[in-house]
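Lettering follows sequence order; numbering is per chain, from 1.
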Amino acid sequence: MAIHIYNTLSGKKERFEPLEPGKVNMYVCGPTVYDSSHIGHARSVVVFDVISRYFKSQDYDVTYVRNFTDIDDKIIDRANQLGIDSRALAKKYIHEFYKDMDALNVERASVEPKATEHIDRIKKIIGTLIQKGFGYQIDGDVFFAVDSFKTYGKLSGRNLEELEAGARVDIDKRKRNPFDFVLWKSAKPGEPSWRSPWGMGRPGWHIECSAMSSKYLGESIDIHGGGKDLIFPHHENEIAQSEAAFDKPFVKYWIHNGFVNIDQEKMSKSLGNFLMIKEVIKSYHPEAVRLFLLSNHYRSPIDFTEKAMEEATSGLDRIYALLERAQKKTGLSPETSGFKMGEYWEGFCKSMDDDFNTARGIGVLFNAVHKLNRLLDECKNRLSTDTRTTLQSAYIDILKMGNIMGFLVETPGTYFEDKRYKGLERDSIDQAIIEKMIEERTAARKAKDWAKADQIRKELGKRNIILEDRSEGTIWKVGR
RNA sequence: GGCGGCAUAGCCAAGUGGUAAGGCAGCGGUCUGCAAAACCGCCAUUCACCAGUUCGACUCUGGUUGCCGCCUCCA
């Protein structure tokens, strides 16, 4: 079964055939580091993290490049505002990005290059573009002439005439065409700058990706990704630059993820409703965030709401509860090596092969959870060899699916313990008191003093403590 | 104005030209001292609306309505 990908360039799902068999070269636009990362960044990064993991699981040799834009107008503006050095600002937010993404269990990309470390290569490409007649210099600025690139607009499905009709771009009279974009920008006094044949300046936004992508992955690559908003103009401009400079198709498959809305509204500066990752993971388990982000198809918009997050949390609890139950009852081990993947893994792969349909994949995961719970209910005492094999197979499938989607990495014990601890902290509850009350209740139950037992449970309920009487003993958890 | 997307049960959400995955919530039951958890059963004769193609469409085509995104920095 081959992987099929929706390619923005063709507007269709296409069978994935890498340029070089068995290898995947993938470039994803990373953040401009002038502020903390928000939940929208999380979606993009998580989606491509899962795509990369899935390719690896299908035995592809993946080279994944995700850049940092660490020189840019916004960074300079913000740094000036704060009265600090723009390099220090960039460094700070790169550090924060890693902190957030580590918390979300995002794997590091193969290469994570920074624009400022590739200035020479950027200048070289700009030189080539000027020499080939695609770029022109005015004062200290260098522009790309969109009219010189015949297929300009092929990614976003626009043409220059249409664009001009509804033009709302800033009018720079020096440009030959309003849509010409800057390759090299002259520096104002005090701004970070590099020496160049066109004077002191810095790279334009788009050119860095052409430079870094070609350096680490080659002049033609398999996959280039990013948020939907990057299609125009950023990715359109990247195509123009790269193809004009190298005379080769730049990217075979373009993948774009949809937005995250907050309570049905787009995150925007005017609404001030940017939801930062560091804030979200204070309230919700990072794995629940991943489960939530992957519960819709990556191209669809997804609405971040408290309700949706609570549902994701319930779902995650359900899976961990099953894993715990399975381990305790049967001694199934999380060791996956040496076991063949079963029907659920197969179903999961089928979903993933269809344009990385994680939403369907999660359905398969819950089917497996359900099946295991049922089997565990049915055989209360002894397990037949057949049942055991079935159990082990489904169990490993679940872990493997979790591994691709980047959750279920904790042991159930740790997961629930951590959850209790956080709940206690949040509600300022004293654990010793809770446990003492539970002991009293256990004694009352032993004495068949149901009235007292129920009274204690009621008391605990008032403190948001929920009990479960299991055969091995009573366990407790903190409610939401 | 141009380009693109979406409309599936109370909510979220997959989906194939052949008759609607999954999750959350709800209801009935099993289990339990009672609960909780888990399990069993129920929960869209119907997929915005109207035409058309077809033996047959939620799935294809055309139109209508509604919502959203991009076109300006943005994941």
**OP:** Heavy atoms under 4.0 Å is the rule here; annotate nucleotides 32-39 of chain B 5' to 3' with B where the base is hit, S where only the sugar-phosphate is, and - elsewhere.
**Re:** -BBBBSBS
Subject >> A:Asp303 CG to B:G5 P, straight-line distance once rounded to whole Å >> reply: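 Going from CG in A:Asp303 over to P in B:G5 covers 22 Å.
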Subject >> Rounded distance (Å) that lies between atom P of B:G69 and atom CG of A:Asn296 >> reply: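 Computing the A:Asn296:CG to B:G69:P distance gives 16 Å.
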Below 6.0 angstrom between ring centroids: does that apply to [X] and [Y]?
{"X": "A:Phe356", "Y": "A:His297", "value": "no"}
{"X": "A:Phe68", "Y": "A:Phe97", "value": "yes"}
{"X": "A:Phe16", "Y": "A:His4", "value": "no"}
{"X": "A:Phe292", "Y": "A:Tyr284", "value": "no"}

Original post:
Under a 3.5 Å cutoff on both atom distances, Watson-Crick or G-U, what's the dot-bracket for RNA chain B ([ ] crossing, | other strand)?
Top reply: (((((((..(((.....[...))).(((((.......))))).....(((((..]....))))))))))))....
**OP:** With the side chain of A:Phe366 defined as its heavy atoms from C-beta on, choose the nearest nucleotide among B:C74, B:G22, B:A75.
**Re:**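 From the listed options, B:G22 comes nearest.
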Counting N and O atoms only, with roles assigned by atom type, does the side chain of [X] sit under 3.5 Å from a partner on the main chain of [Y], one being a donor and the other an acceptor?
{"X": "A:Asn273", "Y": "A:Ser268", "answer": "yes"}
{"X": "A:Tyr34", "Y": "A:Asp72", "answer": "no"}
{"X": "A:Asp397", "Y": "A:Trp345", "answer": "yes"}

